Amino acid sequence: MASPVTAGDIKDDTICSICLGYLTEPVTIACVHNFCRACISQYCAEKGVGTPLTCPQCRAQFQKGEFKPNTQLSIIVQKLKQLGSKPGQGQKEDLCERHEERLKLFCEEDGETICWVCEKSRAHRAHTVVPVEEAAQEYKEKLQGALGPLRKELEEALVLTSKEKKKTTEWQGKVKNKREMIAGEFNKLHTLLREEEQLLLQSLEEEERKTLQRLQENVTKLSQQSSSLQQLITEIEEKCQQPVVELLKDVKSTLSRSENVKLQEPVAVSTDLKNVYKISLDMREALQRFVVDVTLDPDTAHPSLVLSEDRKSVRHGDKRQDLPDNPERFDPCVSVLGAEGFVGGRRYWEVEVGDKTGWTLGVCRESVSRKGQVTLTPEDGHWAVWLRDGNTRPSPPPRPPSPLPVSVRPSRVGIFLDYEEGEVSFYNVTDRSHLFTFTGTFSGKLRPYFHPYLNAGGTNAAPLIICPVPAQAGGNLGP
């Protein structure tokens with residue numbers, strides 16, 4: 001037989017299990033449990049984004065916002081309030097399963113609620129027992145005290161999560177940039193290889209044409225000699241068949257011609273292919289055909305710079321030289337330009353930097369300012385890479401640049417200018433790796449740029465040395 005419903009049962013249904021007070025604007029969730037609208041909304045807000053929402057009572061999952069107003073329950077709550085009842089009054093009493101007495105006590109040792117009979121039993125007689133209201137208040141305060149550290153831990157976890165997400169984004173950005181760089185370098189190499197293929201095929205075709213022409217000339221001359229010999233043989237054979245008088249006629253002339261016959265050897269024609277058809281699968285080797293002989297322009301050199309006699313190296317001197325203050329001379333910037341200017345085509349040169357602790361290399365517009373402070377930015381006409389504090393960096397776009405990911409410090413740097421493509425690329429010749437590529441649009445004359453930096457008490461006294469042009473270098477340089 002079912003137990004009769006008491007007023008306490010009804011009042012239990014009007015209590016919010018979150019705030020333990022009467023339901024205010026009660027709403028029902030998917031599992032049919034009821035809560036104050038404000039309480040369940042705050043409960044949802046405290047959950048992190050992406051965390052599944054579960055019912056505070058039965059732990060069944062529900063969706064945020066799936067709240068149904070419970071108007072009928074709201075009316076019942078209002079009526080109970082009008083009767084003057086307080087939350088919890090008349091609630092169904094919890095009884096001890098063994099003694100059917102009210103569970104009014106809490107055993108500290110066993111951590112369970114007991115009745116007064118249990119307290120007197122041998123099982124709990126020696127234990128510390130307190131009223132359930134007192135125990136509940138004590139543990140409620142402890143639980144609330146535990147919330148602070150937990151919330152702090154949660155806050156730290158969220159901060160760490162944010163940092164890791166930021167790292168993930170930054171890492172993906174680095175991978176994207178590296179992927180684009182690799183694709184760009186291979187596209188460039190493919191272009192150079194296709195051009196080199198055409199040059200090699202054209203060269204091979206020209207060699208084939210010239211060699212075939214010489215061989216054909218030899219064949220023609222030998223054919224002519226063979227024809228003359230055949231005619232003389234036929235003539236002598238016929239002479240031998242003639243009567244005596246006819247045979248003796250002009251016989252000396254015939255013998256003389258036969259005796260003077262001498263075969264002309266063909267002109268020697270080599271059929272060995274020239275050793276110029278090497279395929280360059282390495283970027284540096286592919287760039288060698290664009291190598292130019294760069295020299296330094298003394299008229300642009302800062303008075304403290306010392307240039308070698310062949311104008312192939314530059315270092316910072318110990319004192320300022322007495323030189324004309326011409327408009328093209330850098331001052332106070334300790335720089336010097338290459339004597340050559342480029343208005344198109346492709347150019348490549350290499351510079352030995354050795355163990356120098358500071359240097360800047362690249363290209364600049366011929367029109368850049370030579371006096372006062374020089375700003376090494378593409379906006380001001382400089383496309384350069386520089387070394388500081390052991391880090392190699394590109395000249396900045398308007399913000400300070402980040403160090404380039406260089407695994408091996410370069411002792412030699414290659415600079416490749418592709419004027420039409422608007423690119424200046426830098427290579428670490430030491431480990432044959434790509435350093436950086438500037439992209440843009442060029443106009444006017446561009447010139448190589450060198451900055452050896454101060455000698456820093458001798459720690460950076462070594463010169464920048466322009467590497468000599470290999471004997472086999474050179475190719476389609478453009479204008």
Side-chain angles (χ1 to χ4, degrees), residues 290-317 320-353 356 358-387 394-396 412-419 422-427 436 438 440-455 460 462-469 477-479:
F290 302 109
V291 169
V292 288
D293 189 13
V294 174
T295 56
L296 300 171
D297 182 358
D299 291 335
T300 65
H302 183 275
S304 296
L305 294 181
V306 179
L307 276 60
S308 62
E309 290 186 7
D310 61 359
R311 296 188 296 167
K312 285 290 190 176
S313 71
V314 57
R315 64 179 176 83
H316 184 261
R320 185 183 178 95
Q321 304 170 82
D322 186 14
L323 297 174
D325 188 20
N326 45 291
E328 59 267 30
R329 190 179 304 283
F330 282 96
D331 195 1
C333 185
V334 189
S335 303
V336 61
L337 297 183
E340 296 72 24
F342 311 126
V343 292
R346 294 164 173 167
R347 305 291 191 277
Y348 179 72
W349 63 97
E350 294 180 354
V351 181
E352 192 77 33
V353 298
K356 287 179 67 63
W359 47 261
T360 298
L361 296 171
V363 299
C364 69
R365 292 195 187 99
E366 188 174 48
S367 59
V368 295
S369 173
R370 315 289 175 85
K371 307 298 181 184
Q373 185 66 34
V374 173
T375 306
L376 294 177
T377 64
E379 289 76 15
D380 289 322
H382 292 83
W383 295 268
V385 164
W386 46 268
L387 177 75
S395 58
R412 180 181 291 193
V413 176
I415 299 101
F416 177 55
L417 167 66
D418 191 333
Y419 195 102
E423 291 185 351
V424 182
S425 297
F426 297 84
Y427 296 90
F436 192 78
F438 290 99
T441 303
F442 300 138
S443 62
K445 185 179 290 187
L446 301 182
R447 296 175 68 175
Y449 179 85
F450 304 84
H451 192 316
Y453 277 76
L454 306 180
N455 60 24
N460 192 42
L464 293 174
I465 304 173
I466 302 172
C467 299
V469 176
L477 301 177

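Since we're looking at a predicted model, the values are computed, not measured.
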Report task. Carefully, step by step, assess Y449 and W383 under the rule side chain to side chain contact (heavy atoms under 4.5 Å, CB included). Result -> CA-CA 9 Å; Y449 179 85; W383 295 268; over 6 Å; no
Side chain to side chain contact (heavy atoms under 4.5 Å, CB included) between T360 and H382, worked out
CA-CA 11 Å; T360 298; H382 292 83; over 6 Å; no
Restricting to non-hydrogen atoms, name the atom on [X] and the atom on [Y] that form the minimum distance, rounded to 0.1 Å.
{"X": "G317", "Y": "V306", "answer": "CA-CG2, 3.9 Å"}
{"X": "D299", "Y": "E328", "answer": "O-CG, 3.5 Å"}
{"X": "P452", "Y": "V314", "answer": "CB-O, 4.1 Å"}
{"X": "L296", "Y": "S313", "answer": "CD1-O, 3.5 Å"}
{"X": "W349", "Y": "G362", "answer": "CZ2-O, 4.0 Å"}

Spacing of [atom1] belonging to [X] relative to [atom2] belonging to [Y], to within rounding of 0.5 Å:
{"X": "L361", "Y": "I415", "atom1": "CG", "atom2": "CD1", "result": "5.0 Å"}
{"X": "L376", "Y": "E379", "atom1": "CG", "atom2": "CD", "result": "12.0 Å"}
{"X": "E423", "Y": "T441", "atom1": "CD", "atom2": "OG1", "result": "11.0 Å"}
{"X": "L446", "Y": "C364", "atom1": "CG", "atom2": "SG", "result": "8.0 Å"}
{"X": "Q321", "Y": "L305", "atom1": "CD", "atom2": "CG", "result": "8.0 Å"}
{"X": "S308", "Y": "L464", "atom1": "OG", "atom2": "CG", "result": "11.5 Å"}

Determine whether a donor-acceptor pair (N or O, by modelled atom type, separation under 3.5 Å) exists between the side chain of [X] and the backbone of [Y].
{"X": "K312", "Y": "V294", "result": "yes"}
{"X": "S335", "Y": "F330", "result": "no"}
{"X": "E350", "Y": "G414", "result": "no"}
{"X": "T295", "Y": "A339", "result": "no"}
{"X": "N460", "Y": "W359", "result": "no"}
{"X": "H451", "Y": "V334", "result": "yes"}
{"X": "R447", "Y": "G338", "result": "yes"}
{"X": "R329", "Y": "H302", "result": "no"}

For E352, which residues count as a salt bridge (charged side-chain N to carboxylate O under 4.0 Å, His left out) partner, sequence neighbours excluded?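 Applying salt bridge (charged side-chain N to carboxylate O under 4.0 Å, His left out) to E352 gives R412.
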- With sequence neighbours excluded, what pairs up with K445 under the salt bridge (charged side-chain N to carboxylate O under 4.0 Å, His left out) test?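 Salt bridge (charged side-chain N to carboxylate O under 4.0 Å, His left out) check on K445 returns nothing, list empty.
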| task | Not counting sequence neighbours, which residues clear ring-ring contact (aromatic ring centres under 6.0 Å, His included) with F450? List them please. | result |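 With sequence neighbours excluded, F450 shows a ring-ring contact (aromatic ring centres under 6.0 Å, His included) to no residue whatsoever.
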Q.
My understanding is that only one of R320, R370, K371 makes a side chain to side chain donor-acceptor pair (under 3.5 Å) with D331; could you say which?
A.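 Among R320, R370, K371, the one meeting side chain to side chain donor-acceptor pair (under 3.5 Å) with D331 is R320.
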Is the distance from the ring center of F416 to that of F290 below 6.0 Å?
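Between F290 and F416, which both carry aromatic rings, the centre distance is below 6.0 Å.
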